[in-house]
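Written below as structure tokens is the structure these notes are about.
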Amino acid sequence: MSRMHDSGGSCSSNQSISIVWFRRDLRVEDNPALAAGVRAGAVVAVYIWAPEEEGPFYPGRVSRWWLSQSLHHLDSSLRRLGTSLLTKRSLDTASTLLEVVQSTAASNLFFNHLYDPLSLVRDHQMKELLTSQGVTVHSFNADLLYEPWEVNDENGQPFTTFVPFWNRCLSMHYDPATPLLPPKRIIPGDTSRCPSDILIFEDESEKGSNALLARAWSPGWRNADKSLTAFVNGPLIEYSANRRKADSASTSLLSPHLHFGELSVRKVFQLVRMKQLVWANEGNKSGEESCDLFLKSLGLREYSRYLCFNHPYSHERPLLAHLRFFPWVIDEGYFKAWRQGRTGYPLVDAGMRELWATGWLHDRIRVVVASFFVKVLQLPWRWGMKYFWDTLLDADLESDALGWQYISGTLPDGRELDRIDNPQLEGYRCDPNGEYVRRWLPELARLPTQWIHHPWDAPEPVLQAAGVELGSNYPLPIVEMDAAKARLQDAVAEMWQLEAASRAALENGTEEGLGDSSELPQIDRSLEADMEVEHEQLTNNISVRRHQDQMVPSLTSSLVRVEEEEASVASVRASDSRAEVPSPTDYELQSHREATGQAARHTADADADADAVAFRGANVTQQLSPVRLDHAEHSAGQSSGSLRESGVVPVWSPPPTSSCSGLFVNDDAGITNSGYLDRHLHSRRRMNWGQLPQTTMYLAFTTSYGRTRSWEMDNAIG
DNA sequence: CCCTCCTTGTC
DNA sequence: ACAAGGAGG
């Protein structure tokens with residue numbers, strides 16, 4: 001029906017057709033690529049789903065759920081404006097784009113920038129390909145206040161610490177671009193020869209869990225906008241006082257919206273700045289400070305992009321090489337206890353259960369559980385990153401990499417590696433009345449506040465009165481704090497020793513680089529070689545240490561034990577009404593089945609293995625109206641009821657398929673772009689990665705596009 | 001007014 | 001653990 005209309009209306013010879021390629025910019029407001037397309041004439045809006053290209057960064061279940069909702073929302077908006085969203089399933093984005101261009105007779109391609117390492121490479125290549133085919137390609141900044149290459153120190157060098165970076169952003173001599181209004185009307189391009197594919201983002205097994213998410217969150221740019229307004233007019237003014245409270249009432253909850261670009265950071269920035277002016281004029285000091293603090297968490301999001309652009313491998317390799325020599329504890333039992341919220345530290349456990357149930361976690365709590373993971377359990381940081389990637393609604397490669405590096409002490413301005421965050425102390429800071437713990441750990445609900453963050457110290461009668469039986473219905477601490485401190489000292493000392501030895505070897509000129517693990521102790525090699533032995537030990541819960549960064553445990557290595565363990569966990573679970581916890585068995589078996597067959601299935605579960613978390617502003621971010629899954633009151637007495645009510649969300653998102661699992665057994669293998677990464681390993685001195693080489697991608701951009709010209713010129717379109 | 005001790009926050 | 005900022009001498 002629309003065909004004749006289209007050819008008559010939109011395709012007159014003096015109007016060019018533009019492809020507007022949506023990615024993580026799922027909004028019509030302040031979308032420069034869309035605006036450029038509209039200005040140039042007719043528009044074909046397209047979204048391409050090519051998750052295989054993401055390799056190990058295949059989106060987790062909750063991310064895919066959000067994406068599907070958000071795309072739907074965007075499509076509705078586009079329809080109201082006169083067009084619709086063309087959706088394509090693809091294994092190769094560039095060729096699909098070319099196909100779309102050709103079948104719609106488009107002459108332009110517009111899109112907005114992404115800064116994660118995979119996109120940087122892919123977009124660059126795609127741009128070259130399409131340009132060589134005679135397509136005019138322009139790209140824009142829709143995600144940041146300032147492009148990473150715009151913000152430099154007085155020597156023209158990129159910043160290597162956050163505070164100076166952010167101060168510079170706040171004092172640039174020009175303002176961030178003013179947000180664009182949504183187009184009034186979009187002239188549709190003719191897509192009759194380019195039909196949409198139906199995109200599938202969830203499989204049957206995931207539907208139930210996803211339905212629960214829908215009760216708590218409303219994806220889509222209009223909802224994002226509402227949330228923003230509600231936050232700015234509501235909790236923002238109290239932000240400085242409330243931001244460290246563990247529950248989400250005072251946070252914006254905007255982070256998933258920001259991740260998918262449903263919300264323009266420039267709009268957020270502008271709005272908050274205006275509020276700040278008002279409050280400053282009124283002499284409202286705390287309101288003014290609240291704005292600063294909130295903007296700072298926006299700044300961290302900016303900084304995560306900035307770091308990724310300047311150091312694209314930071315998601316898989318610590319920026320400071322020393323962490324490669326940390327003797328990680330390879331213990332999947334620890335890993336499992338952490339995931340399930342059964343470490344014996346209430347704040348940690350409450351956080352892990354909230355994460356599981358809601359797909360969200362307060363920034364503070366992210367720091368606490370991640371720090372516990374790395375420093376107390378000493379599990380390889382990338383395992384934790386992978387888990388966050390799979391479970392967080394706002395999973396975001398750049399922010400997550402920043403967060404984990406921050407707590408692992410591999411940023412110049414990060415936390416010291418040897419400083420343990422004590423969950424007990426943190427607990428009384430961000431959950432002084434124990435409400436948060438009681439909500440998520442009903443088994444501790446009747447414990448007095450005095451003991452709520454350290455039940456192991458509570459006198460026996462108190463425990464009894466509260467119905468707590470340590471070691472039975474709530475675990476004893478998985479590792480004692482004093483022991484953890486000592487262990488960490490040793491590990492760090494060992495790490496520095498090895499690092500020094502490696503550097504010495506390097507300076508002697510005998511070794512080419514750190515990529516070669518032959519410098520590492522023999523024991524490491526033998527462990528690599530003898531997986532059987534290692535598994536035997538693990539079964540008996542004896543920790544094995546391994547150096548070098550560790551990839552996530554392979555599918556096969558965890559499959560065996562899980563089943564027997566599940567049985568015991570299940571029996572415990574049956575006896576109390578505690579929140580359900582991930583039970584990997586189902587999905588592992590299922591996805592193992594899939595792995596053996598259908599490689600290119602649309603269903604979303606293929607190879608999700610990855611790193612990344614979203615520390616980005618858990619503070620900043622996220623503002624949704626009724627965000628809680630369990631809205632039942634969390635009065636101490638009946639919190640178990642409220643948890644049951646919440647239903648909880650128990651399907652851990654998919655593990656690696658066979659096609660990828662090989663990558664995770666061997667450290668440093670694979671990851672899509674490891675080729676260029678491996679060529680750029682450098683050992684640098686501690687706290688001095690300012691001298692790290694600019695990476696390949698950075699150079700590619702600056703040479704082939706001209707560092708300052710390229711994307712600026714793009715912006716001058718129209 | 002300055003010095004010191006205590007409190008507070010750390011991307 | 002440590003630095004910065006505030007209170008108090």
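By convention in this document, chain letters (A, B, ...) are assigned in the order of the sequence lines, proteins followed by strands, and residues within each chain are numbered from 1. Quantities reported herein were computed from a predicted structural model and do not represent experimental measurements. When reading the values below, keep in mind they use all heavy atoms of this one structure, side chains included, and skip hydrogens, waters and symmetry mates.
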Would you please confirm or rule out a distance under 4.0 Å between OP1 or OP2 of [N] and any side-chain N or O of [X]?
X	N	answer
Arg243(A)	dT10(B)	yes
Arg364(A)	dT10(B)	yes
Lys296(A)	dG9(B)	no
Arg415(A)	dC11(B)	no

Could you state the interatomic distance from CZ (Arg273(A)) to CG (Asp292(A)), rounded to the nearest 0.5 Å?
-> 7.0 Å

Carboxylate-amine/guanidinium proximity below 4.0 Å for Arg503(A) and Glu499(A) =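 Salt bridge between Arg503(A) and Glu499(A), a charged N being under 4.0 Å from a carboxylate O: yes.
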
Roughly, in whole Å, what's the span from [atom1] in [X] to [atom2] in [N]?
X	N	atom1	atom2	value
Arg244(A)	dG9(B)	CZ	P	4 Å
Leu417(A)	dA1(C)	CG	P	14 Å
Arg168(A)	dC11(B)	CZ	C1'	19 Å
Glu289(A)	dG5(C)	CD	C1'	13 Å
Glu302(A)	dC11(B)	CD	P	18 Å
Asp396(A)	dC11(B)	CG	P	20 Å
Leu319(A)	dC11(B)	CG	P	16 Å
Glu398(A)	dC11(B)	CD	C1'	16 Å

Hey, does the Lys NZ or Arg CZ of Arg305(A) hover above the aromatic six-ring of Tyr303(A), less than 6.0 Å from the centre and inside 45° of the axis?
->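 Because its charged atom misses either the 6.0 Å distance or the 45° angle limit, Arg305(A) does not stack over Tyr303(A).
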
Which of these nucleotides, dG9(B), dA1(C), dC11(B), is closest to any side-chain atom of Arg429(A)?
-> dG9(B)

Is Tyr406(A) stacked on the base of dC11(B), with ring centres under 5.5 Å apart and planes under 30° apart?
->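 It does: the two rings, one from Tyr406(A) and one from dC11(B), meet the stacking criterion.
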
Between Asp396(A) and His259(A), does any side-chain donor sit less than 3.5 Å from a side-chain acceptor?
->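 Note: Asp396(A) and His259(A) side chains meet the donor-acceptor criterion.
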
Considering all heavy atoms, the nearest Tyr115(A)-Cys308(A) contact |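 Closest heavy-atom pair between Tyr115(A) and Cys308(A): O-CB, 3.5 Å.
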
